[in-house]
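Have a look at the structure below before the remarks.
All of these numbers come straight from a predicted model, not from anything done at the bench. Counting begins at 1 with the first residue of the sequence.
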Amino acid sequence: MKIKAVIIEDEAIGRSTLRNYLSKYCPEIQILGEAENILEGRRLLDATAPDLIFLDIEMPYGTGFDLLEQYESIPFQVIFITAYSNYAIQALNLSAAYYILKPISIEELEAAVAKVSTQLKQAAPPLQNEVLIQNLRDKHHQKIVIPTLDGFELLEVEAIIRIEAADNYAVIITPEHKITVSRTLKHFSDLLEPLNFIRVHKSHLINANAVRKYKKGKPALLELNNGDTVPLSASRKDAFLKRFV
């Protein structure tokens, strides 16, 4: 199955490199056109109606995010191409959107194209990009897309009470249920600590808003608002108390 695609990237060498890589390593991609900014990009998208766009984030006349915000519902899959940016990477990871860091890795490109191809074969709507735009529009009510064996689960970040390490997996606890995810606890720490989560132990990440009680001891214990109790490691105790005292 051919995947109709366009490239929206402001640097000519970047477009050329990506085009050459796609031709050589992803023959299922059919490039319909290219644009160097979001104004040209919107015109190209309207004219070609692609299945997929390769979208740079930082460009003249606005970001790739600005382009997507023009759509009430995003009718195509997106693979973002970006230089490293904490803000952008956090937003992309929260939504489980597909992205490739510059300079482009062939392995990452092949993996991202394979994931999009699977989504297209399943006729799955691009949920990740809808969530991404919602999060960019409302920074106070963030959502996170959790990959599962049979698809995705969408959670309000504030609904997560805690996340516990389980070898190379993580268990996400909400008031309703537990979800086991094939991600490390560090993955969620990096993602959620800017959103008021605290790593209180090597095996525990908690929502600061879920803390009900602190109990002194060796180890100190934290009682959360769902009744769970988690240990507070001595090495993290001072940083934790500074958040509340």
Side-chain angles (χ1 to χ4, degrees), residues 1-60 62-71 73-85 88-133 145-152 182-183 187:
M1 176 182 113
K2 283 289 186 180
I3 300 173
K4 297 182 296 180
V6 301
I7 298 171
I8 304 175
E9 149 78 76
D10 65 315
E11 296 180 353
I13 190 170
R15 295 194 301 275
S16 175
T17 298
L18 178 56
R19 184 172 62 250
N20 290 337
Y21 281 177
L22 290 170
S23 175
K24 186 172 183 179
Y25 300 104
C26 304
E28 67 270 39
I29 299 294
Q30 176 187 357
I31 300 297
L32 303 180
E34 301 175 10
E36 63 181 22
N37 57 59
I38 69 170
L39 300 179
E40 292 181 6
R42 179 58 194 258
R43 288 193 290 268
L44 178 62
L45 292 173
D46 291 345
T48 57
D51 304 310
L52 167 67
I53 65 174
F54 293 90
L55 182 61
D56 194 8
I57 293 180
E58 298 296 335
M59 290 183 290
T63 69
F65 297 151
D66 295 328
L67 174 62
L68 296 185
E69 283 195 278
Q70 297 177 24
Y71 290 86
S73 179
I74 299 170
F76 39 71
Q77 298 284 341
V78 182
I79 295 176
F80 293 91
I81 311 292
T82 180
Y84 187 76
S85 161
I89 297 303
Q90 185 193 36
L92 294 168
N93 279 330
L94 271 178
S95 65
Y98 308 127
Y99 66 89
I100 303 168
L101 294 176
K102 295 180 179 179
I104 293 173
S105 156
I106 294 168
E107 291 77 12
E108 289 181 3
L109 177 63
E110 290 177 319
V113 168
K115 290 175 182 177
V116 166
S117 179
T118 299
Q119 290 282 87
L120 289 170
K121 288 174 184 176
Q122 295 172 348
L127 170 67
Q128 305 98 312
N129 301 315
E130 303 285 356
V131 175
L132 174 63
I133 296 306
V145 175
I146 305 296
T148 61
L149 289 176
D150 56 355
F152 298 97
S182 181
R183 295 287 189 277
H187 168 84

query = side chain to side chain contact (heavy atoms under 4.5 Å, CB included) with Leu127: which residues, sequence neighbours excluded?
reply = Val131, Phe152
remark   = dist Cys26:SG -> Ile31:CD1 (nearest 0.5 Å) comes out at 9.5 Å
request  = Flag the pair Ile38 / Gln70 as yes when at least one side-chain heavy-atom distance between them is below 4.5 Å, and no otherwise.
outcome  = yes
query = To the nearest 0.5 Å, how far apart are CD1 in Ile81 and OG1 in Thr17?
reply = 11.0 Å
Check: residues 44-60 side-chain donor-acceptor pairs under 3.5 Å, at least two apart:
from: Asp46; atom 1: OD1; to: Arg42; atom 2: NE; distance (Å): 3.1
from: Asp46; atom 1: OD2; to: Arg42; atom 2: NE; distance (Å): 3.2
from: Thr48; atom 1: OG1; to: Leu44; atom 2: O; distance (Å): 2.7
from: Asp51; atom 1: OD2; to: Lys4; atom 2: N; distance (Å): 2.8
from: Asp56; atom 1: OD1; to: Lys102; atom 2: NZ; distance (Å): 3.4
from: Asp56; atom 1: OD2; to: Lys102; atom 2: NZ; distance (Å): 3.3

note = Here the gap from Tyr25 atom OH to Glu107 atom CD, rounded to the nearest 0.5 Å, amounts to 8.5 Å
Steps toward side-chain contact (heavy atoms from CB on, under 4.5 Å) verdict (Phe80, Ile89) = CA-CA 10 Å; Phe80 293 91; Ile89 297 303; over 6 Å; no
request  = Check the surroundings of atom NZ in Lys2: do more than 12 heavy atoms from other residues, nucleotides or ligands lie under 6.0 Å from it?
outcome  = yes
inquiry  = Tell me if a side-chain donor or acceptor on Ser23 pairs with a main-chain N or O of Arg19 at a distance below 3.5 Å.
reply    = no
remark   = CG (Leu39) and CG (Asp66) are apart, to the nearest 0.5 Å, by 10.5 Å
request  = First locate atom CD of Glu36, then atom CD1 of Ile8, and finally report the distance between them rounded to the nearest 0.5 Å.
outcome  = 11.5 Å
inquiry  = Determine whether a donor-acceptor pair (N or O, by modelled atom type, separation under 3.5 Å) exists between the side chain of Glu34 and the backbone of Glu9.
reply    = no
Identify each donor-acceptor pair in which a side-chain atom of residues 108-119 lies under 3.5 Å from a protein atom, sequence neighbours left out, and give them as a table.
from: Thr118; atom 1: OG1; to: Ala114; atom 2: O; distance (Å): 3.1

query = Say you draw a straight line from CD of Glu40 to CG of Leu67; how long is it, rounded to the nearest 0.5 Å?
reply = 12.0 Å
request  = State, to 0.1 Å, how close Ala97 and Asn129 come at their nearest heavy-atom pair, and which atoms those are.
outcome  = CB-OD1, 4.1 Å
